[in-house]
Structure formats: C-alpha cells, structure tokens
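Here is the structure we will look at.
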Amino acid sequence: MPELPEVETVARQLAPLLVGREVRELVVLDPRLRAAPVPRLSGRGIEQVSRSGKRVLVRFSGARASQAPLWLAVHLRMTGRLIWLAAEGRIDRAHLRARMRLDRGALAFYDTRRFGTFEWFRSADEARPSGIDPLSDELTAARLRALFGTSRQSIKPWLLRQDRLVGLGNIYASEILHEACIAPSREVRTLGDDEAVRLRRAMRSILKRAIRACGTTFSDFQDSHGEIGSYQRFLAVYDREGDACRRCGDLVVREVQQQRSTYWCRGCQR
DNA sequence: ATTATATCCTGATCGC
DNA sequence: TGCGATCAGGATATAA
C-alpha cells in the first residue's frame with residue numbers, strides 16, 4: 001500500500017539508477033493493465049525521476065534536440081512495484097506487467113492486482129496533481145485551515161482525499177491523527193487553529209521519519225531493490241488493535257470509517 | 001455540491 | 001485438507 005513515503009523511497013532509489021540512461025523500449029506485457037498507449041521512446045534519455053503525490057514521475061528528453069520532453073507517471077496503487085533489474089537473464093515473471101529496457105539495465109513493473117496505472121504527460125504542469133503535497137512549504141497551518149473550509153466530513157476520510165492533500169493513505173492517516181492527538185471522527189469544519197498546527201506538524205514529522213525508514217511494509221510494499229521498509233516498527237496505532245497506546249497506555253481500537261479501518265486511541269485523541 | 005458506496009483485482013487468512 | 005467467505009485499501013464512477 002504505497003503512500004507518500006513509499007513512493008518517495010522508490011523515486012529516490014531509482015533516480016541515480018535511471019537518470020542518464022537511454023531508453024531502448026518500454027513494453028506493457030499485460031493488456032489488462034491500466035496503461036495508456038506507450039509513445040515512441042527509443043532514443044529518449046531519462047532526465048529526472050521524482051515523486052508527484054503518490055506517483056513516480058519519469059522525465060524523458062526528446063530523442064532529438066527539437067523534440068519535446070515527455071513525462072511518465074506510474075501509480076503503484078496497492079500492489080505495484082518498480083524493481084530495478086541490473087542484468088538480464090532469469091527474471092521473475094510472476095505478475096510482471098511491464099518492462100523498460102535501457103542502454104544499461106532495465107526496470108520492471110510488477111503488480112499482483114493490476115490496480116496500478118501508467119499515464120503520459122506533455123509537461124510537468126500537466127502531470128501536477130490538484131492536491132497539495134503535505135511536505136511542501138505551501139502547506140502552512142493557515143492553508144490547511146482554509147482547505148478544511150466548511151466540510152462536514154470526518155477528518156480521517158478527509159485526509160485520504162487526494163483532491164485536497166496528496167500522498168496520504170490509510171496507514172499514515174491513522175498515524176498522523178494519533179501524533180496530533182485528534183480523534184478520527186472529528187468533523188473537519190470544527191478543527192481549530194491549534195489543531196491545524198498540530199496536524200501539519202504531525203504530517204511533516206511522521207512522513208519524514210517514514211521516508212528515513214524507507215517506508216512501511218505492511219504486506220506488499222517493496223522498494224526498487226525488492227527490499228521491505230522498516231517504518232512498521234514505529235507504528236503507534238495502525239494494526240495495533242487491543243495493544244496499549246505508547247503514549248497514554250489506553251487500548252488502541254479499530255473502527256471502520258467508509259469501509260476502511262481506522263486505528264486510534266480513545267485515551268489521548270479527542 | 002457534498003458525501004457515501006460499489007467496484008476493480010488477487011492472495012492471505014479464517015471458520016467450518 | 002479443502003472450500004467458500006471475508007478482508008486488505010489505491011482511486012474513481014456512480015448513487016444518494
């Protein structure tokens with residue numbers, strides 16, 4: 001379940017491996033994958049690999065000086081994995097959905113459940129998501145407060161909407177609310193200035209720490225080398241139903257909000 | 001307009 | 001041991 005820290009991990013690992021390489025071909029091997037038609041890529045070079053929300057963004061140069069650059073956005077959704085293949089020869093073909101061969105090495109896209117997507121863009125602007133990145137300087141507490149507006153949604157499902165903030169998913173939404181001492185059922189419009197400050201601070205600290213830990217591997221996530229993340233050992237509430245809260249000792253509970261599990265502590269979140 | 005629900009898809013797990 | 005039911009949660013289309 002790749003969220004912002006997991007996608008950031010993949011992008012950071014892939015950048016030094018891919019930047020400067022020249023593309024031989026990109027083949028979508030599975031017709032059921034939700035991938036837009038692949039444009040002509042041969043002769044193009046990879047100029048940049050970055051994260052845009054929960055997408056890995058790859059910038060290709062034009063094949064000639066006169067040709068415009070091109071951006072590929074890969075969304076890993078639930079089970080997508082971008083795995084670097086240093087050498088050809090016996091590669092795991094199970095759930096292999098696409099492969100990009102380069103002048104040296106190759107990149108494989110695995111996706112058990114085929115929820116992942118490939119999209120192509122003509123400019124970085126076109127690829128930009130509508131929501132604000134929680135780690136960007138744009139996201140001040142005041143801006144967050146403005147985003148809350150008059151919404152009657154509960155804060156937990158609100159945090160998952162990608163049209164407001166981009167990058168949070170089910171695991172970090174619970175973790176961030178616990179860090180900020182805010183109950184997941186709180187109506188967004190009732191959150192005050194101090195709570196916006198705490199929420200913003202919690203987003204930044206948790207996401208940054210999770211990036212340092214190369215993400216959370218709950219079940220499926222792997223980085224570009226097939227390794228798992230290590231943030232799961234820091235999880236304060238997610239998947240800890242019945243355990244003691246690390247902050248106040250009360251029991252962590254699980255509740256379902258909009259068909260998704262929310263984990264929280266009644267003792268210290270209000 | 002806003003919020004809730006069904007859907008996509010596969011594999012792991014659970015109860016019988 | 002096997003088998004059907006349930007759950008996991010990314011985002012979007014559709015319903016309310």
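Below, chain A is the first sequence line, B the second, and so on; all start at residue 1.
- Among the protein residues, A:R254 comes within range of the sugar-phosphate backbone only, with heavy atoms under 4.0 Å from sugar or phosphate atoms but none that close to a base.
- Scanning residues 206-217 of chain A for heavy-atom distances under 4.0 Å to DNA chain B yields an empty list.
- Contacts classified as side-chain hydrogen bond (donor to acceptor under 3.5 Å, both in side chains) and involving residues 181-202 of chain A (residues at least two apart or in different chains) are given here: A:R145-A:D193, A:R186-A:T190, A:R186-A:E195, A:E187-A:R189.
- In this structure, the side chains of A:L160 and A:Q153 stay at 4.5 Å or more apart for every pair of heavy atoms.
- Using a 4.5 Å heavy-atom cutoff, the side chains of A:L17 and A:L107 are not in contact.
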Review point. What pattern of brackets, bars and dots sums up DNA chain C from 5' to 3', given Watson-Crick or G-U wobble pairs under 3.5 Å, [ ] for crossing pairs and | for another strand?
Key: .|||||||.|||||||
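- Atom CZ in A:F121 sits 9.0 Å away from atom CG in A:L72 (nearest 0.5 Å).
- In 5' to 3' order, the nucleotides of DNA chain B bounding all contacts with chain A (an atom under 4.0 Å from a heavy atom) are B:dT3 to B:dG11.
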Practice item. Given salt bridge (Lys or Arg N to Asp or Glu O under 4.0 Å), test A:R128 with A:E126 step by step and report yes or no. Key: CA-CA 6 Å; A:R128 206 183 313 283; A:E126 204 183 303; over 6 Å; no
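- No side-chain heavy atom of A:S224 sits less than 4.5 Å from a side-chain heavy atom of A:L82.
- To the nearest 0.5 angstrom, A:L41 atom CG is 14.0 Å from A:R101 atom CZ.
- The P atoms of B:dC14 and C:dG9 are separated by 15 Å, rounded to the nearest whole Å.
- With a 6.0 Å radius and a threshold of 12 heavy atoms from other residues, nucleotides or ligands, A:R40 has its CZ atom at or below the threshold.
- Near DNA chain B, meaning a heavy atom under 4.0 Å from it, residues 142-156 of chain A has A:S151, A:R152, A:Q153 in order of number.
- The aromatic rings of A:W158 and A:F148 lie perpendicular to each other, with more than 60° between the two planes, well past the 30° mark.
- Aromatic ring centroids of A:Y172 and A:Y231 lie under 6.0 Å apart.
- With 3.5 Å as the limit, one finds a donor-acceptor pair spanning the side chains of A:S261 and A:R254.
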**Study point:** Letter per nucleotide, 5' to 3', of nucleotides 9-16 of chain C [B base touched, S only sugar-phosphate touched, - untouched; heavy atoms, 4.0 Å]
**Key:** BBB-----
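- Scanning both residues, A:A183 and A:I155, for their nearest heavy atoms gives O-CG2, 3.4 Å.
- At least one side-chain heavy atom of A:I46 sits under 4.5 Å from a side-chain heavy atom of A:M100.
- Inter-residue side-chain proximity for A:W84 and A:L18 is flagged as met; some heavy-atom pair is nearer than 4.5 Å.
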